[in-house]
Amino acid sequence: MESIRKARERWEGWCHIVQKRRGSDEQVIEERKARIARACTDFKYCVATYFPHYATAETPDFHIDLANKVRRNILIKALVRWGRAQAKSVICDVILPIWLWMNGEEIYMVLVGNTEDKAIKLLADVKTEFESNEMLIADFGLQLTSKWQDKYIVCRERFIAAALGVGQEVRGLRRRHKRPNLCICDDLEDKDTVRNPKRQDEIVDWILSSLIPTMDGPVRRLLVPNNNFAPRTIQGELEKRNPKWLVHQVDATVGPNRTPRWASKYPADYFIKVEQEIGTIAFEAEYNNRPWVQGKVFTQEMIDNTWAPLPRMNSFRHITGRWDPAYSGNNDYNAVKVWGLYDHRFYQIAAFVRQRTMNSALDWIQDFDKSLPCGIVVHWRVESQFWNEPLRRAIAESNARHGRQLNISVVPSPKTKKLDRMLSMFPYYENDRIRYNEKERRNPDFIEGIRQLLGIEPGYRTHDDAPDADERAIADLAEFDRAYTSPPIIGQASHADFNSKY
């Protein structure tokens, strides 16, 4: 084969250069041993030394962390959930398998793409390293053999790789006594599969019942690199069925300023520009693993029409803060929403929507309350829970921690069904009575709240903590608005009675 002949010529040329430059065989051998020994234990050094063509920036900590986890655990099943532009494919498909091989492991890799052609293209990157990576060849020898095809390669020493399209037959995958021990399913999801749950389930079944069982030896690693860009994904379904698998999630940015997670590669404003190019919805899904639900009741178009500048804080007739508490914040969100009433419209002023502890939510409430101009009062309320004692204790501890008494009331929970209550907000959106603080468009708490709201529909299975807090706050303001705009009637509550309630 032409590629083998050229690779051998490069190998001979490299040997000549090394011999000429190094001076003595012993020195070359010692340097080679030291280089290999360090590369086997130091993934960052390995990348810089053997893969400088990929190392255009310093190797980030999350690359190193995943590599070490994979090397240490021969049975690892990892869902590599990195945002776009974080080098998922390069690390999982190319560098990591070769690094394991450099560590002396026998590797039989099955590289799976959503089609066979895609898998062949992925395997081509691995082949290129064995064919033309001069440092790799110099230290580990030329690995090409007569078994060097587009979708199947056998190296001289301890490395076999096959390319498969998802769903293809895997029974009988072996070479003599060797069977696959490293399966990598790269970017199986596409726009067609995310619209076809049945197809997604078929792929999940194939991975669990066909692909993984083809690895029947002591080493059985599986890596599934993909970003979580849709509400329902193959990777997400694998996570649901296998909750003990490692989910190695890395978002492309950190915080509202879109600070790059891989700071050595991307300038500070890089992802801000990307977001401006593609929009917040697509950016959050593709780069930060926050899929966007296409709402059937509350729609994105409806939300887009709500953004507006806030009136002055002292212009609001009433301001309410509603906290929907979560005991630990591990699974549910602690959601705090601040809404104000102005000109018969309801303005969302600020938000805290995070999977954090009650103390974190209370600290946010305290800090927001302290930041208000003199004379501005927020009427804070939290719904009564069956675990009221921990709730009250958390509030008391927060008061002690901040050295002030928070104006917060524990109020009874409504008897109406939660779905019915949340759907009752729809007419306010439809009738143009809802406004969102324009300055908070990129605030992750606002974005998470919108994401949850878009998922609210009959039979929903998404988080509802933020919409629940929204509904309670809007209900407070609507009742206040009715009380002060309706014509007087016999028996209507007095101003003093209303204030005693609110």
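The backbone N or O of Val154 lies less than 3.5 Å from a partner atom in the side chain of Thr145, making a donor-acceptor pair. Between the side chain of Asp468 and the main chain of Asp464, no donor-acceptor pair closer than 3.5 Å is present. A donor-acceptor distance shorter than 3.5 angstrom exists from the side chain of Asn181 to the backbone of Tyr108, with no hydrogens or angles considered. At least one donor-acceptor pair under 3.5 Å links the side chain of Arg158 to the backbone N or O of Glu105. A donor-acceptor distance shorter than 3.5 angstrom exists from the side chain of Gln168 to the backbone of Gly165, with no hydrogens or angles considered. Of the possible donor and acceptor atoms, one in the side chain of Arg451 sits under 3.5 Å from a partner among the backbone N and O of Arg290. Here the side chain of Thr41 pairs a donor or acceptor atom with the backbone of Arg38 at under 3.5 angstrom. Panel note: side chain Gln143, backbone Glu157; a donor-acceptor pair is recorded below 3.5 Å. Counting only distance, with no hydrogens or angles, the side chain of Asn334 and the backbone of Ala326 share a donor-acceptor pair below 3.5 Å. Arg81 places no side-chain N or O within 3.5 Å of a backbone atom of Val247 that could act as its donor or acceptor partner.
Partners of Phe43 according to the ring-ring contact (aromatic ring centres under 6.0 Å, His included) rule, which considers only residues two or more places apart in sequence or in another chain, are Trp99. Residues that satisfy the side chain to side chain contact (heavy atoms under 4.5 Å, CB included) test with Asp190, not counting sequence neighbours, are Asn114, Asp192, Thr193.
Residue-environment remark: CZ (Arg442) exceeds the threshold of 12 foreign heavy atoms within 6.0 Å. Residue Lys418 qualifies as enclosed at atom NZ: its count of foreign heavy atoms under 6.0 Å is above 12. Heavy atoms from other residues, nucleotides or ligands lying under 6.0 Å from NZ of Lys77 number more than 12.
If you take CG on Asn133 and CZ on Phe140, they are separated by 10.0 Å, rounding to the nearest 0.5 Å. Interatomic distance, CD1 of Ile203 versus NZ of Lys198, reported as 13.0 Å (0.5 Å rounding). With values rounded to the nearest 0.5 angstrom, Arg220 atom CZ is found 7.5 Å from Met215 atom CE. The CZ atom of Phe130 sits 10.0 Å away from atom CD1 of Ile137, with the distance rounded to the nearest 0.5 Å.
With contacts defined as side-chain heavy-atom distances shorter than 4.5 Å, the pair Met102/Tyr50 qualifies. Tyr436 has its side chain out of reach of Arg441: every pair of non-hydrogen atoms, C-beta onward, lies at least 4.5 Å apart. By the 4.5 Å heavy-atom criterion applied to side chains, Val382 and Arg472 are not counted as neighbours. Residues Arg221 and Ile74 form a side-chain contact, since some pair of their non-hydrogen atoms from C-beta on lies under 4.5 Å apart. Looking at Leu122 and Ile184, their side chains never come closer than 4.5 Å, going by heavy atoms from C-beta outward. Taking the side chain as every heavy atom from C-beta outward, Leu164 and Val170 approach each other to under 4.5 Å. Using a 4.5 Å cut-off on side-chain heavy atoms (C-beta onward), Ile456 and Val297 make no contact.
Between Asp150 and Lys127 there is a salt bridge, with a side-chain nitrogen of the basic residue lying less than 4.0 Å from a carboxylate oxygen of the acidic one. Comment: Lys44 engages Glu58 in a salt bridge, judged by a side-chain N to carboxylate O separation of less than 4.0 angstrom. Using a 4.0 Å cut-off between charged nitrogen and carboxylate oxygen, Glu189 and Arg195 do not count as a salt-bridge pair. Asp65 and Lys69 are joined by a salt bridge, as a carboxylate oxygen and a charged side-chain nitrogen come within less than 4.0 angstrom of each other.
Checked options Glu275, Gln276, Glu277; the residue passing with Phe283 is Glu275 (criterion: side-chain contact (heavy atoms from CB on, under 4.5 Å)). Tested against Phe51 for a side-chain contact (heavy atoms from CB on, under 4.5 Å), the candidates Ile95, Val90, Thr59 yield a single pass: Ile95. Among Asp251, Asn288, Thr253, Asp61, the one residue that satisfies the side chain to side chain donor-acceptor pair (under 3.5 Å) test with Arg261 is Asp61.
Pairing each heavy atom of Pro260 with each of Ala268, the nearest pair is CD-O, 3.9 Å. Here the closest heavy-atom approach between residue Lys337 and residue Gly449 is recorded as NZ-CA, 4.4 Å. The shortest non-hydrogen separation linking Gly113 to Ala119 is N-CB, 3.6 Å. Contact between Arg84 and Lys88 at its shortest, heavy atoms only, is CA-NZ, 4.1 Å. Considering all non-hydrogen atoms of both residues, Pro225 and Cys185 come closest at CD-O, 3.1 Å. Residues Pro231 and Pro291 come closest through the heavy atom pair N-CB, 3.4 Å.
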>> Using side chain to side chain contact (heavy atoms under 4.5 Å, CB included), reason through Arg241 and Asp205 one step at a time and then give a plain yes or no.
In response: CA-CA 10 Å; Arg241 297 198 200 180; Asp205 290 340; 2.6 Å; yes
>> Pair Gln235, Glu239 - check side chain to side chain donor-acceptor pair (under 3.5 Å), show working.
In response: CA-CA 6 Å; Gln235 197 188 69; Glu239 180 184 3; over 6 Å; no
> Checking side chain to side chain contact (heavy atoms under 4.5 Å, CB included) for the pair Thr306/Gln348: CA distance, chi angles, key distance, verdict?
Replying inline: CA-CA 10 Å; Thr306 64; Gln348 186 177 173; over 6 Å; no
>> Please determine whether side chain to side chain contact (heavy atoms under 4.5 Å, CB included) holds for the pair Val80 and Phe62, giving the CA-CA distance in whole Å, both sets of side-chain angles, and the decisive distance to 0.1 Å.
In response: CA-CA 11 Å; Val80 184; Phe62 60 89; over 6 Å; no
>> Quick one, Arg322 with Glu383, criterion side chain to side chain contact (heavy atoms under 4.5 Å, CB included). Give me CA distance, side-chain angles, the key distance, then yes/no.
In response: CA-CA 8 Å; Arg322 276 286 187 162; Glu383 284 185 15; 3.8 Å; yes
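Taking the six-membered ring where the residue is Trp, Tyr333 and His463 present perpendicular rings, their angle passing 60° and hence far from 30°. Ring geometry for Trp262 against Tyr266 counts as perpendicular: the plane angle is over 60°, on a 0 to 90° scale with 30° as the lower cut.
Between the side chains of Gln200 and Asn196, no donor N or O sits under 3.5 Å from an acceptor N or O.
Identified under the ring-ring contact (aromatic ring centres under 6.0 Å, His included) test for residues 205-247, with sequence neighbours left out: none.
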